[in-house]
Amino acid sequence: MAAQKPSIPKGTRDFSPLEMVRRNYIFDTIRQVFQVFGYQPIETPAMENLSTLMGKYGEEGDKLLFKILNSGNYLDGLPEAESGMRDAASRIQYLTKHIAEKGLRYDLTVPFARFVVQHQNELIFPFKRYQIQPVWRADRPQKGRYREFFQCDVDVIGSNSLLNEVELTQIIDAVFTKLGINVLIRMNNRKVLAGIAEAIGAPERLTDITVAMDKLDKISLELVNEELIQRGVTYEAVQKLQPILNLEGKIKLKFDTLTDFFKDSETGRKGLEEMRTVLQHMKNIGLHNKFDFDIKLARGLSYYTGTILEVKAQDVSMGSICGGGRYDDLTGIFGLPGMSGVGISFGADRICDVMNESKLFPEEIQASTKAMFVNFGTDEEKHCLKLLAGLRQAGIPSELYPDSAKLKKQMEYANRKNIPYVILVGKDEIDTGKLMLKDMRSGEQKLCTPDEVINILS
RNA sequence: GUGGUCGUAGCUCAGUUGGUUAGAGCGAUAGAUUGUGGAUCUAUAGGUCGUGGGUUCAAGCCCCAUCUUCCACCCCA
């Protein structure tokens, strides 16, 4: 049989020990912050029933779901093509329903909502949970975009209090301060966006308006206006929108302008009030990182209803590395109405990319073996095994080279693995009960007792 | 999903208008050195030129398809 060239699916990656150490550093940091803020861990399966996932992420989202083929002879018993199944689209739809009932999770928020509904009687509300697991999206890979990536989610469900929003911003601030990434937290509120749509007399065009506004950072005002018209917003409404599109500057100015703008929109006023409360608290607490009220921030996920936020690294060009918001009725579709939640998601892979680009990983996280015993042969092995157990008991990561190979080879191994100390115990050392401890950096070596070695290495 | 882009040794890359046996550096392995790694020197191994078709006397190079990489759009972490 000819050997085939091995490969992994598009958009997925292997991680080397060095990369894993770095990734774990991020996961550990984030997890630690989550725990300090009183959140509890859960996990959910990699796959969900397709019915749980479909329709929760908007039209685009459905297309990006990875579907899992049923096992068995799923093609048996399918009816022949009949009327209404002539075109490819309806055939695919029919087939899909019958051959795929499961899908890989697209995010952690929807599975969480499902989890809350299923376990509502066991949970203590407000329920504060965190969840660090991979998610999958059938997107085209590019910079900072993978088909398999880790999200680190924190959510509070069962509380309307805006203090939760404030707490989440503190978590964001704490995580990125610890990791050493300068970020900008952009915040907005869906009610503000709804209010704007209402105030210009186009409430039914909310999504179109927000999607277009979101592009103001990338394309010119003229093009945004063009897109608005194209998306079916009337010329008159676009005219009314202009003062909002031009709104830049101090937070206070935004509030003043919008207060005036929302004379006739109760939704808008409500959103504005929420923003005011959250921002005031944030200002009081004093965060390390910058934050802003950004009216242009939209966020596509359709389930958000209140506060929305997005975090970007300041010094590196990369998509958002954290995002989230409040969803008032995500559990409603699963049969538990009136349960408001708010949460955010850290993109561990993008954070890792940012930290690599800015060289933010500390040197000392390369946790590996601290000391290696050279293997001189069967007698020495036996002796070293005991000493090795002593070092490990003392919590010193250590190992014994498994083969009685040439000394050069063993030393090279230690050198390449960046092991800082090598311990040589041969006939002489066994007789005197001492160990030869060699510092691989300086090259110096000296005879020590086992206790002295433990002292030096601890 | 739309448009573009990349692919030659483990890695980074040369390779002329299509022309004999596809090269370099780094790395790897062995030795110079039988209880001492990093530096140096020597030798050795390593390739179906992403894959599959086609054009040609002749293809790493030209054409088509396909996979992968990266990028823009869309969307997002």
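Letters A, B, ... mirror the listed sequences (proteins, then strands); counts begin at 1.
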Quick one: A:Y413 OH to B:rG38 C1', roughly how many Å, whole number? 17 Å
Looking at every strand, decide which applies to A:V422 at a 4.0 Å heavy-atom threshold: base, sugar-phosphate, or nothing. nothing
For A:D292, all residues meeting salt bridge (charged side-chain N to carboxylate O under 4.0 Å, His left out), sequence neighbours excluded: A:K254
Specify the separation, in whole Å, of atom CG of A:L65 and atom C1' of B:rC76. 14 Å
Going by salt bridge (charged side-chain N to carboxylate O under 4.0 Å, His left out), name the residues that satisfy it together with A:R145, two or more places apart in sequence or in a different chain. A:D139
Contact list (N/O, under 3.5 angstrom) for nucleotides 34-37 of chain B vs protein:
| residue | atom | partner | partner atom | Å |
| --- | --- | --- | --- | --- |
| B:rG35 | O6 | A:E429 | OE1 | 3.1 |
| B:rG35 | N1 | A:E429 | OE1 | 3.2 |
| B:rG35 | N1 | A:E429 | OE2 | 3.2 |
| B:rG35 | N2 | A:E429 | OE2 | 3.3 |
| B:rU36 | O2 | A:K438 | NZ | 3.0 |
| B:rU36 | N3 | A:Q445 | OE1 | 2.8 |
| B:rU36 | N3 | A:Q445 | NE2 | 3.4 |
| B:rU36 | O4 | A:Q445 | NE2 | 2.7 |
| B:rG37 | O2' | A:N415 | ND2 | 3.4 |
| B:rG37 | N1 | A:M440 | O | 2.4 |
| B:rG37 | N2 | A:N415 | OD1 | 2.6 |
| B:rG37 | N2 | A:M440 | O | 2.8 |
| B:rG37 | N3 | A:N415 | OD1 | 3.1 |

Are the side chain of A:D349 and the backbone of A:F149 linked by a donor-acceptor contact shorter than 3.5 Å? no
Identify, residue by residue, the members of residues 305-317 of chain A with a heavy atom below 4.0 Å from RNA chain B, and return them in order of residue number, or none. none
Of all residues at least two apart in sequence or in a different chain, which pass the side-chain contact (heavy atoms from CB on, under 4.5 Å) check with A:N225? A:L221, A:L228, A:V238, A:Q242, A:L245
Examine A:R23 relative to A:F15 and say whether NZ or CZ is less than 6.0 Å from the centre of the six-membered ring and inside a 45° cone about the ring axis. yes
Check for a donor-acceptor pair, side chain of A:R190 on one end and backbone N or O of A:Y304 on the other, with a separation under 3.5 Å. yes
Would you say the base of B:rA77 and the side-chain of A:R137 have a donor-acceptor pair closer than 3.5 Å? yes
Atom-pair distance (CZ on A:R231; C1' on B:rC75), nearest Å: 11 Å
Just jot down the side-chain contact (heavy atoms from CB on, under 4.5 Å) partners of A:K312, sequence neighbours excluded, or say none. A:R186, A:S320
Rounded to the nearest Å, what distance is computed from the NZ atom of residue A:K63 to the P atom of nucleotide B:rC75? 11 Å
Pairs meeting criterion ring pair (Phe, Tyr, Trp, His ring centres under 6.0 Å) with involvement of residues 433-458 of chain A, two or more places apart: none
Side-chain donor-acceptor pairs under 3.5 Å in residues 377-386 of chain A, sequence neighbours left out?
| residue | atom | partner | partner atom | Å |
| --- | --- | --- | --- | --- |
| A:E381 | OE2 | A:N375 | ND2 | 3.0 |

Contact class for A:C322 (heavy atom, under 4.0 Å): base, sugar-phosphate, or nothing? sugar-phosphate
Rounded to whole Å, CE of A:M372 lies from P of B:rG38 at a distance of 14 Å
Can you classify the ring geometry of A:F361 versus A:Y25 as parallel (below 30°), tilted (30 to 60°) or perpendicular (above 60°)? perpendicular
Tell me every residue that passes salt bridge (charged side-chain N to carboxylate O under 4.0 Å, His left out) with A:R392, counting only those two or more places apart in sequence or in another chain. none
Summary of protein contacts for nucleotides 67-72 of chain B, nucleotide by nucleotide, where a base hit scores B, a sugar-phosphate-only hit scores S (4.0 Å, heavy atoms): -SS-SB
Could you tell me whether the side-chain ring of A:F149 sits stacked on the base of B:rA77, using a centroid cut-off under 5.5 Å and a plane angle under 30°? yes
Checking ring-ring contact (aromatic ring centres under 6.0 Å, His included) between A:F27 and each of A:Y130, A:F34, A:F150, which is the one that passes? A:F150
Contacts of type salt bridge (charged side-chain N to carboxylate O under 4.0 Å, His left out), residue A:E412, not counting sequence neighbours: A:K408
Applying side-chain hydrogen bond (donor to acceptor under 3.5 Å, both in side chains) to A:N189 and A:E274, what does each step give before you reach the verdict? CA-CA 8 Å; A:N189 193 299; A:E274 289 182 11; 2.9 Å; yes
Nucleotide B:rA77, atom P - distance to OH of A:Y57 in whole Å: 11 Å
Run through RNA chain B and report every stem of 3 or more consecutive Watson-Crick or G-U pairs, distances under 3.5 Å, ordered by first number. B:1-4 with B:70-73, B:10-13 with B:23-26, B:28-32 with B:40-44, B:50-54 with B:62-66
